[in-house]
Amino acid sequence: MRMKDRTALVTGAARGIGRAIAQRFVAEGAKVLLADIDEAALKDTAASLNSPFQVVDVADAQRLQALASSAIAELGHLDVLVNNAGIVHGADFLELRVDDFDRVLAINLRSAFVLSQAVARHMVERRSGCIINMSSVNAVLAIPTQLAYAVSKGGMNQLTKASSLALAPYGVRVNGIGPGTILTDLARKIMSDPVAEQRIMSRTPLGRCGDADEVASVAVFLATEDSSYLTGQTIYPDGGRLGLNYVM
């Protein structure tokens, strides 16, 4: 088991990619604390993995400070942090409300900064640790009706780079994962529309959506010594989307 005796905190762990990452970490021998705002789904995931959990709104910076402290106390120490919690909010650019823009950035980006900073203080003392930030192909590409999401993920890439440089002298690595279209519950609903499915497949060279476990495999790689000389990077499991210049 590649993560035997290691510990991790995963946000947005109740479902989708976060749940898949938590499952893989546990399967690899790690002890994982799960965090999410969806109490019912979180309890279900925690029960299935026999893992501790905390219900938390990551938009609340004070709660994140408490989450970091309690995770370290619960697990004894913290080797890995996965900043996965995130939301989307669709709106035309001219109609996007400031409070909706702020909410997306608070959950998708500010939470990663606040929690990374709190956890990094612990990791710096131990001269060891790994932080994984969930980005997206939309950090590089853009959808006009998902402006706040794209901005938050672009910021996540820069948070990854800047924090990796700051923490490198202490042996703490920071990397990101930028998925393409992954078959979460939301993506399955979108793909049920044949028109939407054709649009997505037309820009995905591998010709299929990804699975959450395929993203989790990247997280395991980044959380272990297999990636020991990798920091400040974002890996894109996107089926080839970012390399596609045009569609036929």
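No experiment lies behind these values; they were computed from the predicted model shown.
The shortest distance between side-chain heavy atoms of Ile177 and Tyr236 does not fall below 4.5 Å. At least one side-chain heavy atom of Met134 sits under 4.5 Å from a side-chain heavy atom of Val215. Put simply, the side chain of Val88 does not reach to within 4.5 Å of the side chain of Val104, judged on heavy atoms. Residues Met3 and Val80 have side chains in contact (heavy-atom distance under 4.5 Å, counting atoms from C-beta outward). Two residues are said to be in side-chain contact when any heavy atoms from C-beta on lie closer than 4.5 Å; Ser192 and Glu197 fail this criterion. The shortest side-chain heavy-atom distance between Ile131 and Leu167 falls under the 4.5 Å cut-off. Between Leu67 and Leu33 the shortest side-chain heavy-atom distance falls below 4.5 Å. Between Thr11 and Leu115 the shortest side-chain heavy-atom distance falls below 4.5 Å.
The two atoms that bring Ser163 and Val174 nearest to each other are OG-CG1, 3.5 Å, heavy atoms only. Pairing each heavy atom of Leu64 with each of Val58, the nearest pair is CD1-O, 3.2 Å. The two residues Ala212 and Ile182 have their closest heavy-atom pair at N-CG2, 3.4 Å. Here the closest heavy-atom approach between residue Gly178 and residue Thr234 is recorded as N-CG2, 3.8 Å. Smallest separation of non-hydrogen atoms from Arg110 and Ala59: NH2-O, 2.5 Å. Taking every heavy atom of both residues into account, Asn83 and Ser111 meet most closely at OD1-O, 4.4 Å.
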Open item on the list: What verdict does the salt bridge (Lys or Arg N to Asp or Glu O under 4.0 Å) test give for Glu225 and Arg173, after you've listed the backbone C-alpha separation in whole Å, the side-chain angles of each residue and the deciding distance to 0.1 Å?
Closed with: CA-CA 11 Å; Glu225 291 306 303; Arg173 298 185 298 110; 5.2 Å; no
TODO: In sequence, state the C-alpha distance, the side-chain angles, and the governing distance for Asn138 and Tyr149, and then conclude on side chain to side chain contact (heavy atoms under 4.5 Å, CB included).
DONE: CA-CA 8 Å; Asn138 290 294; Tyr149 182 79; 3.9 Å; yes
Task: side chain to side chain contact (heavy atoms under 4.5 Å, CB included) evaluation trace for Leu230 with Ile235 - done: CA-CA 11 Å; Leu230 196 69; Ile235 297 175; 4.0 Å; yes
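Here the side chain of Asn175 pairs a donor or acceptor atom with the backbone of Gln233 at under 3.5 angstrom. A donor-acceptor pair is defined here as one N or O able to donate and one able to accept, closer than 3.5 Å; such a pair exists between the side chain of Thr7 and the backbone of His77. A distance-only check finds no donor-acceptor pair linking the side chain of Asn133 to the backbone of Met156 [under 3.5 Å]. Ser51 places no side-chain N or O within 3.5 Å of a backbone atom of Ala47 that could act as its donor or acceptor partner. With hydrogens and angles disregarded, no donor-acceptor distance shorter than 3.5 Å links the side chain of Ser136 to the backbone of Lys153. Without hydrogens or angle criteria, Thr204 side chain to Gly239 main chain gives no donor-acceptor distance under 3.5 Å. At least one donor-acceptor pair under 3.5 Å links the side chain of Asn108 to the backbone N or O of Ile87. In terms of modelled atom types and a separation under 3.5 Å, the side chain of Thr224 and the main chain of Phe221 share a donor-acceptor contact. At distances below 3.5 Å, at least one donor-acceptor pair connects side-chain atoms of Asp38 with backbone N or O atoms of Ala41. Distance alone, capped at 3.5 Å, places no donor-acceptor pair between the Thr45 side chain and the Leu42 backbone.
Atom OG1 of Thr145 sits about 13.0 Å away from atom CZ of Phe93, to the nearest 0.5 Å. Note that the CD1 atom of Ile17 and the CG atom of Asp211 stand 9.5 Å from one another [nearest 0.5 Å]. The distance from atom CG of Leu222 to atom OG of Ser228, rounded to the nearest 0.5 Å, is 11.5 Å. Going from atom CE of Met201 over to atom CE of Met191 covers 4.0 Å, rounded to the nearest 0.5 Å. Distance check, rounded to the nearest 0.5 Å: CG of Leu244 to CZ of Arg203 gives 10.0 Å. The CD1 atom of Ile132 lies 10.5 Å from the CG atom of Asn84; values are rounded to the nearest 0.5 Å.
Cluster membership check: Leu81 shares its hydrophobic cluster with Leu109, using side-chain heavy-atom separations under 4.5 Å among Ile, Leu, Val, Met, Phe, Trp and Tyr. Under the 4.5 Å side-chain heavy-atom criterion for Ile, Leu, Val, Met, Phe, Trp and Tyr, Val218 and Val137 are members of distinct hydrophobic clusters. Residues Leu94 and Phe101 are members of one and the same hydrophobic cluster, defined by side-chain heavy-atom contacts under 4.5 angstrom among Ile, Leu, Val, Met, Phe, Trp and Tyr. Side-chain heavy atoms closer than 4.5 Å link hydrophobic residues (I, L, V, M, F, W, Y) into clusters, and following such links, even through other members, never connects Val10 to Val114. Hydrophobic clustering keeps Leu9 apart from Phe53 (ILVMFWY residues linked when any side-chain heavy atoms are closer than 4.5 Å, directly or through intermediates).
Checked by atom type, the side-chain pair Ser135/Asn157 shows a donor-acceptor distance below 3.5 Å. One side chain, Arg24 or Ser217, offers a donor N or O that lies under 3.5 Å from an acceptor on the other.
Heavy-atom neighbours of Phe113 CZ from other residues, nucleotides or ligands within 6.0 Å: at or below the threshold of 12. More than 12 heavy atoms of other residues, nucleotides or ligands lie within 6.0 Å of CG in Asp99, so this atom counts as buried by the packing criterion.
In this structure, Asp57 does not pair ionically with Arg63, as no charged nitrogen and carboxylate oxygen lie closer than 4.0 Å. In this structure, Arg2 pairs ionically with Asp226, as a charged nitrogen and a carboxylate oxygen lie closer than 4.0 Å. Taking 4.0 Å as the cut-off between side-chain N and carboxylate O, Arg241 and Asp238 do not count as a salt-bridged pair.
Of the listed residues (Asp44, Asp36, Asp185), just one forms a salt bridge (Lys or Arg N to Asp or Glu O under 4.0 Å) with Arg15, and that residue is Asp185.
A search for side-chain contact (heavy atoms from CB on, under 4.5 Å) contacts involving Ala22 returns Val32, Leu34, Leu49, not counting sequence neighbours.
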Identify every side-chain donor-acceptor pair in residues 118-128 under 3.5 Å, counting partners at least two apart or on other chains, and give the distances.
| unit_1 | atom_1 | unit_2 | atom_2 | d |
| --- | --- | --- | --- | --- |
| His122 | NE2 | Leu78 | N | 3.0 |
| Arg126 | NH1 | Asp79 | OD1 | 3.3 |
| Arg127 | NH2 | Pro169 | O | 3.2 |

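When hydrophobic side chains of Ile, Leu, Val, Met, Phe, Trp and Tyr are connected at separations under 4.5 Å, Leu165 ends up as a singleton with no cluster partners.
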